Every structure is written in C-alpha cells, then in structure tokens.
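Here the structure is a predicted model, which means the values were calculated and not measured. All chains are named by letter (A, B, ...) in the order of the sequence lines, taking the proteins before the strands, and each is independently numbered beginning at 1.
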Protein chains: 2
Amino acid sequence: MNGSTPTPARTTRQRTEVTALLQEVNDFLTAQQLHGLLRERGAKVGLTTVYRTLQRMVETGEVDATRTPDGEQLFRQCSRSRHHHHLVCRMCGRTVEIEGPAMERWTEKVADQHGYTDIAHTLEIFGTCSACAR
Amino acid sequence: MNGSTPTPARTTRQRTEVTALLQEVNDFLTAQQLHGLLRERGAKVGLTTVYRTLQRMVETGEVDATRTPDGEQLFRQCSRSRHHHHLVCRMCGRTVEIEGPAMERWTEKVADQHGYTDIAHTLEIFGTCSACAR
DNA sequence: ATGAACACGATAATCGTTTTCATTTAGGAG
DNA sequence: CTCCTAAATGAAAACGATTATCGTGTTCAT
C-alpha cells in the first residue's frame, strides 16, 4: 500500500490466550492479575508480553483501560466499541457500560468556552451494586 | 487528653513554604515540579517533605489531587471547597474549576437506574490551553 | 521450505513515590 | 529561658508498576 504504519498484528499463541481470557473475564483487572490468571490455567505467557498485548489492544480500541485511585492501570474488554464510560461496583467490581451524549457535549462546550483544544476526558462512576448493598 | 488521633500539625518552615507556594501557583503541578519551584526561589525543602506535606493536605482537604492520563499525581490548592471538577492543560497545568450540576444529576440517575447506591464519581477534562496551543 | 520481519521473554532499567532511620526542631512543661 | 519528647526533616535506599533491551524463537508471504 504505502509507507505509513500498517500495524501488522500477527496471530500468536500468547495473544490468543490473552484475548481468550479477556473474553471470559468481565471485570477491570490489572495486567499482573491477568498474567496470574493465565499462569493458573497453565498458559505460559510472559508478563512483558501481557503488557505489550494489552497496550496494543488499548491502542486499537479492543480493550478499555482505566486507573485505580492508586494509579494502577486496569484493563477490560468492553462490548461496545463506541466511546463510553463505566459504572463500577466498589465492592465486587461489577461493571456497567454507560453512555452520556449530553455529558460529552457539555465537556466540549465548556472546554471550548475556555479556549482549550484537543479535548479528552475521563469519567468513572463508583457505587455499590444492589447485590453487594443487601 | 485521650488515645485517639488528634492530628498534631506543627508549623515548620518547610510547611510554610509549601503552602505559600501553593497559594501563588494555581495550576495542577506534580510534587516534583513544586519541589523544583521551591528550590528556584531558594527554599531548602526536601522532596520527601514536599510529598509528605502534600499528602497531608490532601487528607485534610486543603489540596486537591488528580492524576494525569499517565498516572502521575497532580496537586493544586482550589478556591472553592464545594465539589467541582477541572479543565486542565496537559502541557502547562493551567486549570479552570468547573461545575456541572446537570452532569452530577445524570450520574446519580444512571447509577440509580442500575441499582447502584452510595455513588461517587471522578471527572477530569484535559486539553491544550490557548497559550500552549499558540 | 525459506528468510526477513515480527514477537517473545528473562533481565535490566526507569521513574514516581514511599520507607528507613539518624538527626533536627517545635512547642509545651517546669 | 531551659528541658524534654514527640513530631518533622531529608538523604539515601527500597519499592512497585511499567518499559526498554536484546538474543532467541515464530509467523507467514513467497
């Protein structure tokens, strides 16, 4: 085609195992937790590769990343590819994907009013889910 | 008096210098940037003390802390004590405090609809301010 | 089947932040 | 004012998550 960055993306055993795990797990986990789960199930994948694979998947939009209040990165494979946010149970980690078109427009409007460009935002909602509240 | 935690809080030269700087600067800066500024103005304060002082001020609510998308901590002394959010320049840290009553209500409504209680949320908007966009 | 580009992974390096611990200091008691 | 002790300081070391290195192993188009 051309000289731009075509992003290869090869199918390797390790990547297959990481993506397989992500499809089963439905919570936000750290790279190290995911690595631990892979080892538990006998998958021989290096921690470095887990990080690199997640990094790549975040860039391609296949995986969402957030951070704990401590600054640790959390990864999760979300069902919708569109931009969205999360409602997370602080007890069990159960996650609901949410969208807020009006809120999105509001952030852009506010940023624009103050002369800021190249806008990005982070929004996470934490609560206690009904099951954990009982 | 008793054995509870009365929170001492002594007045030291170092703490005075840190709080003085925070009152002059009203951008979100990292602990290291603040430490650098202190040294520039000739204040002899150790980096450790800067971290510890900021930590304490965050706990007492005197200072607000956020994180850059990279996970670095940012500190700032905010003018309003009421709940608010920030529009932060990713280049220089210039900050605008913003409120979004409608957005607040929206997060509560969404959380309630999904049966989540005891709601809390984080929202930060990052952009490039007009000066840095130059 | 081949080989060049890509991927793997053990290890070392980064880098922001915290801990350690010996020394200094604030500030109340006498 | 002097003493005393808990609190504070800070240089250096430890930490912990993430990233870079680089020699080896794999993928896959030809």
(Q) Treating A/Thr49 as the side-chain partner and A/Val45 as the backbone partner, does any N or O pair qualify as donor plus acceptor under 3.5 Å? (A) no
Q: State whether B/Gln32 places a side-chain N or O below 4.0 Å from either non-bridging phosphate oxygen (OP1 or OP2) of C/dG16.
A: yes
(Q) Quick check on the hydrophobic clustering: are B/Leu74 and B/Val63 connected, directly or via other members, by side-chain heavy-atom contacts under 4.5 Å? (A) no
Q: Hey, could you give me the CD/NE2 distance between B/Glu97 and B/His85, rounded to the nearest 0.5 Å?
A: 11.5 Å
Q. Are any of the side-chain nitrogens in B/Lys109 or B/Glu104 under 4.0 Å away from the carboxylate oxygens of its partner?
A. no
Q. Under a 4.0 Å heavy-atom cut-off, which of residues 22-29 of chain A touch DNA chain D?
A. none
Q: Could you identify which residues of residues 33-49 of chain A place a heavy atom less than 4.0 Å from some atom of DNA chain C, listed by residue number, or say none?
A: A/Lys44, A/Val45, A/Gly46, A/Thr48, A/Thr49
Q | Between C1' of C/dA7 and CG of A/Leu54, the distance in whole Å | A | 15 Å
**Q.** Min side-chain heavy-atom separation B/Arg41-B/Glu24 under 4.5 Å
**A.** yes
Q. In residues 63-74 of chain B, which residues come under 4.0 Å of DNA chain C by heavy atom?
A. B/Glu72, B/Gln73
Q) Are there more than 12 heavy atoms of other residues, nucleotides or ligands under 6.0 Å from atom CZ of B/Arg134? A) no
Q) Has the side chain of B/Gln33 got a donor or acceptor atom that lies under 3.5 Å from a matching backbone atom of B/Thr30? A) yes
Q: Please check if the distance between the ring centroids of A/Phe28 and A/His86 is under 6.0 Å.
A: yes
Under 3.5 Å, which donor-acceptor pairs do the side chains of residues 112-120 of chain A form with other protein atoms, sequence neighbours left out?
{"from": "A/Tyr116", "atom 1": "OH", "to": "B/Arg94", "atom 2": "O", "distance (Å)": "2.9"}
{"from": "A/Thr117", "atom 1": "OG1", "to": "B/Thr128", "atom 2": "O", "distance (Å)": "3.4"}
{"from": "A/Asp118", "atom 1": "OD2", "to": "B/Arg90", "atom 2": "NH1", "distance (Å)": "3.4"}

Q: Evaluate the side-chain proximity of A/Leu21 to A/Leu38: yes if any heavy-atom separation is below 4.5 Å, no if none is.
A: yes
Q.
Please determine whether residues A/Trp106 and B/Trp106 belong to a single hydrophobic cluster, defined as Ile, Leu, Val, Met, Phe, Trp and Tyr linked transitively by side-chain heavy-atom distances below 4.5 Å.
A. yes
Q) Which letters describe nucleotides 25-30 of chain C, given B = protein heavy atom under 4.0 Å from base, S = only from sugar-phosphate, - = neither? A) BBS---
**Q.** Length of the CZ-P vector between A/Arg52 and D/dT21, whole Å
**A.** 12 Å
Q: Name the nucleic acid region contacted by A/Gln55, choosing base, sugar-phosphate or nothing; use a 4.0 angstrom heavy-atom cut-off, strictly under.
A: sugar-phosphate
Q: Tell me which of A/Thr53 and B/Tyr51 sits closer to the 5' end of DNA chain C, going by the nucleotide each one is nearest to.
A: A/Thr53
Q: Answer yes or no: is there a donor N or O on one side and an acceptor on the other, between the side chain of A/Arg13 and the main chain of A/Lys44, under 3.5 Å?
A: yes
(Q) Determine whether a donor-acceptor pair (N or O, by modelled atom type, separation under 3.5 Å) exists between the side chain of B/Arg82 and the backbone of B/Glu99. (A) no
Q) Nearest-Å distance, CD (B/Gln14) to P (C/dT23)? A) 18 Å
Q. Considering the terminal five base pairs at each end of the helix from C/dA1-D/dT30 to C/dG30-D/dC1, what angle separates the two local helix axes, rounded to 10°?
A. 30°
(Q) Quick check: A/His121 with B/Phe126 (ring centres under 6.0 Å apart)? (A) no
Q) Do A/Arg67 side-chain atoms and B/Pro69 backbone N/O form a donor-acceptor pair below 3.5 Å? A) yes
Q: Would you check if there is a donor-acceptor pair between the side chains of B/Glu62 and B/Thr60 at a distance under 3.5 Å?
A: yes
